[in-house]
Number of protein chains: 2
Amino acid sequence: MLEMRKENSSNALNAKELYETCGMAIAVRILGGRWKPGIIWHLGNGRIRYGHLKSLIPNISERMLVQQLKELEKYGFVERFAFPEVPPRVEYALTEEGKTLLPIVRSLAAWGDTQRDKIKLPV
Amino acid sequence: MLEMRKENSSNALNAKELYETCGMAIAVRILGGRWKPGIIWHLGNGRIRYGHLKSLIPNISERMLVQQLKELEKYGFVERFAFPEVPPRVEYALTEEGKTLLPIVRSLAAWGDTQRDKIKLPV
DNA sequence: TTCAATTCTTACTGTTTAGTAAGCAATTAA
DNA sequence: TTAATTGCTTACTAAACAGTAAGAATTGAA
């Protein structure tokens with residue numbers, strides 16, 4: 001079952017208002033979270049199978065991987081290709097829209113790399 | 001009291017490993033969350049007083065504003081200038097390091113703006 | 001008949017992030 | 001003496017995000 005949001009909480013309302021006025025908040029909402037950066041990064045190299053993607057992202061659980069892929073798919077940034085085989089084979093790829101993320105993702109990554117030795121993130 | 005993290009949770013350990021290997025994850029960690037995009041965005045226009053910043057960011061609570069500013073200050077992206085007056089006057093500004101964020105922030109914002117009418121973010 | 005392979009689901013629990021509301025400190029103005 | 005101003009702090013609660021572990025579906029191979 002999909003996890004429900006409380007659509008009328010202050011939390012949710014605040015988020016909504018932000019997205020209406022701040023493009024950066026939208027971008028960070030899409031890219032944010034623990035795992036999406038890695039997923040998008042790897043998908044930037046081309047179409048890739050579910051299991052392979054999982055192996056490329058250390059520690060990610062199946063629950064998280066599926067959940068994030070679904071979200072990205074829902075927004076139209078990722079496309080899913082399922083083959084009618086047993087055992088199943090499923091491939092994921094960035095859509096054309098998803099590929100517009102790549103330049104940003106790459107500049108984020110480059111900037112982040114410059115910070116690694118400068119700052120100490122809590123945890 | 002600063003909020004404590006459980007430094008040995010799987011959650012925390014996963015985050016740490018990610019930062020060690022993925023610059024993008026670092027960047028998203030710094031820029032992420034509900035309020036940091038807006039704070040950085042406004043600070044991009046120059047030094048600004050606490051109360052003014054608060055008025056520029058609708059719905060933000062003092063707790064959140066202070067907390068996020070402190071975090072940004074701790075990493076060296078924001079500088080705090082307190083004047084010994086009553087009532088107090090405090091100004092915030094991006095450091096030189098903080099200014100390196102601006103090009104990224106602007107491209108994120110531009111990209112996010114292109115998405116506003118295309119996608120429907122949950123909440 | 002049982003097992004293996006692969007891509008998910010589900011239920012449950014733990015951790016982190018965000019919101020609410022009240023209060024404090026130090027002066028100055030009324 | 002009381003109230004107002006400004007920039008916070010604190011304690012508490014609610015919501016969202018992340019991790020764990022078990023299991024389901026399908027069919028070919030052992």
Side-chain angles (χ1 to χ4, degrees), chain A residues 1-18 25 28-29 31-39 48-55 57-71 73 80-92 121-123, chain B residues 1-18 25 28-29 31-39 48-55 57-71 73 80-92 121-123:
Chain A
M1 198 202 321
L2 279 193
E3 298 172 34
M4 286 308 185
R5 277 160 181 272
K6 316 245 163 149
E7 306 228 340
N8 290 306
S9 63
S10 293
N11 193 325
L13 263 17
N14 279 351
K16 189 172 182 189
E17 262 201 62
L18 263 189
V28 166
R29 171 66 179 75
L31 258 21
R34 168 98 22 105
W35 303 109
K36 288 208 215 76
I39 292 173
I48 188 173
R49 201 170 163 176
Y50 172 86
H52 187 202
L53 188 52
K54 180 162 152 50
S55 75
I57 305 177
N59 300 328
I60 194 169
S61 67
E62 313 213 304
R63 180 192 194 285
M64 280 294 118
L65 181 51
V66 171
Q67 191 176 91
Q68 304 301 305
L69 283 169
K70 275 209 170 111
E71 190 176 322
E73 195 193 351
R80 181 180 181 273
F81 303 92
F83 298 83
E85 303 173 4
V86 169
R89 179 160 62 100
V90 178
E91 294 176 354
Y92 289 90
L121 256 2
V123 179
Chain B
M1 196 199 327
L2 279 193
E3 298 171 33
M4 286 306 185
R5 277 158 181 272
K6 316 245 163 149
E7 306 227 342
N8 290 306
S9 62
S10 293
N11 193 326
L13 263 16
N14 279 350
K16 189 172 184 192
E17 262 201 62
L18 263 188
V28 166
R29 170 67 178 72
L31 258 21
R34 169 96 23 105
W35 303 110
K36 287 208 214 76
I39 292 174
I48 187 172
R49 202 170 164 176
Y50 173 86
H52 187 202
L53 188 52
K54 181 162 150 49
S55 74
I57 306 178
N59 300 328
I60 195 170
S61 68
E62 312 214 306
R63 181 190 194 287
M64 280 295 118
L65 181 51
V66 171
Q67 192 177 91
Q68 304 301 304
L69 283 169
K70 275 210 170 111
E71 191 176 322
E73 195 192 352
R80 180 180 183 273
F81 303 92
F83 298 84
E85 304 172 4
V86 170
R89 179 159 62 100
V90 178
E91 294 175 355
Y92 288 91
L121 255 3
V123 179

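Chain A is the first sequence line, chain B the second, and so forth, proteins listed ahead of strands; every chain is numbered from 1.
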Rounded to whole angstrom units, what separation is found between the CD atom of A:Glu91 and the C1' atom of C:dT7?
13 Å

Reckon A:Lys70 has a side-chain N or O less than 4.0 Å from the OP1 or OP2 of C:dT9?
yes

On the nucleotide D:dT5, are OP1 or OP2 found under 4.0 Å from the side-chain N or O atoms that B:Arg89 carries?
no

Would you mind telling me which of C:dT16, D:dA15, C:dG19 lies closest to the side-chain atoms of A:Ser9?
D:dA15

Tell me: CD of B:Glu17 to C1' of D:dA18, nearest whole Å?
15 Å

B:Gln67 has an atom CD; how far is it from atom C1' of C:dG19, in whole Å?
11 Å

Looking at the side chain of B:Tyr50, which of C:dG19, D:dG7, D:dT6 is the nearest nucleotide?
D:dG7

Could you tell me how far apart B:Leu65 (CG) and D:dT9 (P) are, to the nearest whole angstrom?
11 Å

Listed nucleotide nearest any side-chain atom of B:Arg49, set C:dT6, D:dT27, D:dG7
D:dG7

Ignoring the backbone of B:Asn11, work out which of D:dT26, D:dA18, C:dG19 is nearest its side chain.
D:dA18

From CG of A:Leu69 across to C1' of C:dT7 the rounded distance in Å is 11 Å

Report the nucleotide, chosen from D:dA18, C:dT7, C:dA18, that has the shortest atom-to-atom distance to any side-chain atom of A:Met64.
D:dA18

Starting the side chain at C-beta, find the nucleotide from C:dT20, C:dT6, D:dT6 nearest to B:Pro88.
D:dT6

Under 4.0 Å between a side-chain N/O of B:Asn14 and OP1 or OP2 of D:dG19, yes or no?
yes

Selection from D:dG7, D:dA11, D:dT9 that lies nearest to any side-chain heavy atom of B:Arg63:
D:dA11

When you measure from the side-chain N and O atoms of B:Ser10 to the phosphate of C:dG14, is any distance below 4.0 Å, counting only OP1 and OP2?
no

A:Gly33 or A:Val86, whichever maps to the more 5' nucleotide of DNA chain D:
A:Gly33

Whole-Å gap separating P (D:dG19) and CG (A:Asn59):
8 Å

